[in-house]
Amino acid sequence: MRIFQSIMLVTVFGIYGCGTNQDQPMTENTTSGKTAIVIHGGAGNLKKLGLTPEEEALYLAVLDSALQVGHNMLTNGGSALDAVEATIRMLEDSPLFNAGKGAVFNHDGINELDASIMNGDNLKCGAITGVRHIRNPISAARKVMEKSEFLLLSGSGAEEFAAAEGIELVDSTYFFTQHRWDQLQEAIKDDKVELDHNGKKSATLFDKLKNEEKFGTVGCVALDQNGNLAAGTSTGGLTNKRYGRIGDSPIIGAGTYANNNTCAVSCTGKGEDFIRLGVAGQISSAMEYAGLSLDSAVNLVIQNKLKTLKGRGGCIGLDREGNVSMSFTTTGMFRGYINTSNQKFVGIYE
């Protein structure tokens, strides 16, 4: 407990954070030649989805293909940032996951997309939120990191910036998938808002979505041959979300974080809990200031703090030595990795 309280004090005063638009490295890297990549496609009570063996195989095949794209880039000398962006773009282009093409609808029947990316070498980062026409939000987030004086852009302003930087915009119909539309109709049908004076509390957003069993946010963390780490996350948010709700995916330190001194982390789950705990940044801080290993830091935050809060979700992590950690509080998380020994794993359940 004392260790975690110390970490909390550190983070409250902003010792972990996102770098300004400077190119100076935060660490002196030694080129080890090691590469590794880890991905996730969302966490939730996946057993309740009742996936058939054929459907499971389809998910695993997409995860495997995305892993291979990123790994090939890394082994050919590509940067961790390039691998993260390319891998997440593949997952955004798949209708199976809640990002890009497969994004869920908000209450008004609109797809609103969020993404963030971070460079562990210099702590530069970029994010976008609430965009509706950007085909690959992760690429727009990277443009924000590299070309903007700001770190987080939203809505129409983010789209104006993206268009000016040559990012592909699409008509909103591109994001339509029937299963996501049907999911929205079910969520709207179950919405039972009561009047204030009838003695019952109005249902909250998460009361309305209590039967939602899958959070399909996608993410990737990577280590390149130069010893640099990077992390990225992309999502369509929550089905039936309202009032411009924003989750943890575009929030640096909550859903995404990377620091060459410690680790790269991407999270998925109930975003409000990840924001409240600053999950991704806390894992890095536990390593840097308490001297914990990656796996110990991940389990401290996910299996201790997040579970205590009854938070749903999980994260993937990768440290500068190429150690992999994947942890979640739900019955499953779409996930996979190729480690420094070229061992590959893809899985769904516990």
Side-chain angles (χ1 to χ4, degrees), residues 35-75 83-105 111 113 135-138 174-184 186 211-222 232-236 238-239 249 266-269 312-318 324-350:
T35 68
I37 186 168
V38 193
I39 61 175
H40 70 74
N45 290 326
L46 301 182
K47 289 182 179 179
K48 291 187 178 181
L49 288 178
L51 295 176
T52 66
E54 293 77 16
E55 290 168 336
E56 290 178 8
L58 184 58
Y59 272 102
L60 295 175
V62 175
L63 291 171
D64 184 86
S65 296
L67 270 177
Q68 201 59 58
V69 165
H71 183 253
N72 288 345
M73 295 183 72
L74 293 170
T75 56
V84 165
E85 181 185 3
T87 302
I88 291 179
R89 281 177 65 98
M90 276 203 68
L91 297 174
E92 288 175 337
D93 287 343
S94 169
L96 296 178
F97 302 100
N98 178 18
K101 177 64 177 176
V104 300
F105 290 90
N111 308 100
L113 313 174
R135 174 171 175 166
N136 293 108
I138 192 65
Y174 166 81
F175 301 106
F176 181 90
T177 56
Q178 190 65 49
H179 70 285
R180 293 302 192 193
W181 182 256
D182 294 341
Q183 191 177 33
L184 172 64
E186 286 298 313
N211 294 320
E212 170 67 23
E213 301 295 344
K214 176 175 176 290
F215 296 95
T217 297
V218 304
C220 178
V221 294
T233 311
S234 181
T235 189
L238 289 172
T239 300
S249 295
S266 174
C267 301
T268 176
R312 297 173 58 198
C315 76
I316 54 173
L318 183 64
V324 174
S325 185
M326 305 182 293
S327 184
F328 44 96
T329 65
T330 53
T331 62
M333 180 169 72
F334 295 108
R335 64 202 189 278
Y337 66 76
I338 300 178
N339 64 18
T340 56
S341 300
N342 289 325
Q343 296 171 319
K344 182 189 295 183
F345 166 84
V346 288
I348 299 175
Y349 307 112
E350 296 169 292

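Numbers here simply count residues along the sequence, with the first being 1.
Nearest heavy atom pair, residue Ala66 against residue Leu91, reads CB-CD2, 3.9 Å. The two residues Thr233 and Ile88 make their nearest non-hydrogen contact at N-CD1, 3.8 Å. For Arg180 against Ala103, the heavy-atom pair with the smallest separation is CG-O, 3.6 Å. Taking every heavy atom of both residues into account, Pro95 and Thr177 meet most closely at CB-CG2, 4.1 Å. The two atoms that bring Ile316 and Gly219 nearest to each other are CD1-O, 3.9 Å, heavy atoms only. Ile138 and Glu85 make their closest contact through CG2-O, 3.9 Å (heavy atoms, listed as atom of the first residue, atom of the second, distance).
Taken from OG1 in Thr330 to NZ in Lys48, the straight-line distance is 11.5 Å, to the nearest 0.5 Å. Residue Leu96 holds its CG atom at 5.0 Å from CG of Leu58, rounded to the nearest 0.5 Å. The structure places CE of Met333 at 9.5 Å from SG of Cys267, a figure rounded to the nearest 0.5 Å.
Residues Val218 and Ile39 fail the side-chain proximity criterion, which asks for heavy atoms closer than 4.5 Å. Within the 4.5 Å cutoff, no side-chain heavy atoms of Gln183 are placed close to those of Phe105. Side chains of Lys344 and Asp64 form a contact here, defined as non-hydrogen atoms less than 4.5 Å apart. Cys220 places a side-chain heavy atom less than 4.5 Å from the side chain of Ile37. When side chains are defined from C-beta on, Met73 does not count as touching Thr87, because their heavy atoms never get closer than 4.5 Å. Looking at heavy atoms from C-beta onward, Ile338 lies in side-chain contact with Gln68 at the 4.5 angstrom threshold.
Side-chain atoms of His40 come within 3.5 Å of backbone atoms of Thr217 as a donor-acceptor pair (strictly under, hydrogens ignored). Using a distance-only test at 3.5 Å, with no hydrogens or angles considered, a donor-acceptor pair links the side chain of Thr329 to the main chain of Gly313. Here the side chain of Thr268 pairs no donor or acceptor atom with the backbone of Gly314 at under 3.5 angstrom. A side-chain donor-acceptor contact under 3.5 Å links Asn111 to the backbone of Val104. Distance alone, capped at 3.5 Å, places no donor-acceptor pair between the Arg335 side chain and the Gly41 backbone.
Not counting sequence neighbours, the partners of Phe345 by the ring pair (Phe, Tyr, Trp, His ring centres under 6.0 Å) test are Tyr337. For Asn136, the side chain to side chain donor-acceptor pair (under 3.5 Å) partners at least two apart in sequence or on another chain are Arg89, Glu92, Asp93.
You'll find the ring centres of Tyr59 and Phe97 inside the 6.0 Å limit.
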